[in-house]
A.B. asks: 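Supplied in structure tokens, the structure appears directly below.
A quick note: this is a predicted structure, and the numbers were derived from the prediction, not measured. We use all heavy atoms of the structure for the numbers below, so side chains are in, but hydrogens, waters and symmetry mates are not.
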Amino acid sequence: MPQGSSQARPAHRVAVIIDEGTNPFEVGVATELFGLPRPELGLPGPLYEVTLCAPTPEIRMNHGFFTLTGVRGLDTVDRADTLVVPGRPDNVVPRGPDVLDAIRHAHARGARVVSFCTGTFALAEAGLLDGRRASTHWRWADSFRRLHPKVLLEPDVLFVDEGDILTAAGSAAALDLGLYIWRRDHGAEIANHVSRRLVFAAHRDGGQRQFVERPVPEVQDESLAPLLAWAQERLGEPLTVAELAARARVSPATLHRRFRAQLGTTPLAWLTGERVALACRLIERGEERLDVVAARSGLGTAANLRTRLRRATGLSPSAYRRRFGSGGGEALVS
């Protein structure tokens, strides 16, 4: 379950900056992800603390649906470890200079900066994204390119991680990015507990397409859910795309189309992602033998495990265990 190293950490301070016309959904995503108590983790205190802040104590939300009152001032940003910038629909209207200054100062002093949906526009206006990769909602991609041609926009992915700056494509992708941050900060096991409470997919890779052809299958029999559940119970077996297709009683080409349409990824990429996530959980639970982790997760060899884990997390297996494992800092052995 939770790691001892996580219990010793002070709460990570998250500031959510709200501008005039901000979308309520993304604000709700930030508070749901990082602001709720999580007694199911069995920790003595929260891992995150969330504060909403704005240029004025009263701030009107998107389309004037409601007004938030009693919101903290922008000086809250000066104490934040992570700054979250939600989106708003009027992206051609410049943000106020006080908001942009708060974003710049947070980044300059080393805070992690995260944007949800069209919050990427604010980060670009603040000058944080020139020459860097970023994502935003597909509907606004052309507008973003016209306004911010120096940004390396990736319009067809769920989110982009540039280390100190992370950008999510759309409102639902904000949940994907938030769970990714949980995994990056506290490991796959804790992130899985959070995703289960959200009743949301525990892991969708940032490189998946943000716009899928058919989010809800038109024909119930074409749903991939039974196949995914079947495969997740057999990740340690030498599953192939051909075997997945045979289980679904379709051709590999048809299976590939359904994965693209329903999940925005390929069967092989999904299978690899699930195996890496399982390997992370095995390491966190204390398995020290690298060859055992590789075999039980279906990654085959210790060398492949090292390559896949580093590609997914930026860490070697030993470094991952030192950061997230339950058994201290011992090295993994093959």
A.B. asks: Is there a donor-acceptor contact under 3.5 Å from the side chain of E40 to the main chain of H193?
C.D. replies: no
A.B. asks: How would you list, by chain and number, every residue that makes a salt bridge (charged side-chain N to carboxylate O under 4.0 Å, His left out) with R275, sequence neighbours excluded?
C.D. replies: none
A.B. asks: Who pairs with E20 by salt bridge (charged side-chain N to carboxylate O under 4.0 Å, His left out), at least two apart in sequence or on another chain?
C.D. replies: R60
A.B. asks: With sequence neighbours left out, write down each residue that passes salt bridge (charged side-chain N to carboxylate O under 4.0 Å, His left out) with R104, or none if nothing qualifies.
C.D. replies: D101
A.B. asks: Could I get the full list of side-chain hydrogen bond (donor to acceptor under 3.5 Å, both in side chains) partners for T272, not counting sequence neighbours?
C.D. replies: none
A.B. asks: Using the test side chain to side chain contact (heavy atoms under 4.5 Å, CB included), find all partners of A303 that sit at least two apart in sequence or belong to another chain.
C.D. replies: T301
A.B. asks: Only counting residues at least two apart or in another chain, list the ones meeting side-chain hydrogen bond (donor to acceptor under 3.5 Å, both in side chains) with Q232.
C.D. replies: E274
A.B. asks: Run the salt bridge (charged side-chain N to carboxylate O under 4.0 Å, His left out) test against D78 and tell me which residues pass, sequence neighbours left out.
C.D. replies: none
A.B. asks: Tell me, please, which residues at least two apart from T22 pass side-chain hydrogen bond (donor to acceptor under 3.5 Å, both in side chains).
C.D. replies: none
A.B. asks: Please report, to 0.1 Å, the donor-acceptor pairs under 3.5 Å made by any side chain of residues 161-170, with sequence neighbours excluded.
C.D. replies:
residue : atom : partner : partner atom : Å
D161    : OD1  : G163    : N            : 2.7
D161    : OD1  : R184    : NH1          : 3.0
D161    : OD2  : Y180    : OH           : 2.5
D161    : OD2  : R184    : NH1          : 3.0
E162    : OE1  : R133    : N            : 3.4
E162    : OE2  : R133    : NE           : 3.0
E162    : OE2  : R133    : NH2          : 3.2
D164    : OD1  : R132    : NH1          : 3.4
D164    : OD1  : R132    : NH2          : 2.5
D164    : OD2  : H107    : NE2          : 2.7
T167    : OG1  : S135    : N            : 2.9

A.B. asks: Can R285 and E287 be counted as an ion pair, charged N to O under 4.0 angstrom?
C.D. replies: no
A.B. asks: Can you name the residues that form a side chain to side chain contact (heavy atoms under 4.5 Å, CB included) with A30, not counting sequence neighbours?
C.D. replies: V16, V84, F116
A.B. asks: Not counting sequence neighbours, which residues clear ring pair (Phe, Tyr, Trp, His ring centres under 6.0 Å) with F65? List them please.
C.D. replies: H63
A.B. asks: Could you pull out all residues at least two apart from D19 that satisfy side-chain hydrogen bond (donor to acceptor under 3.5 Å, both in side chains)?
C.D. replies: R88
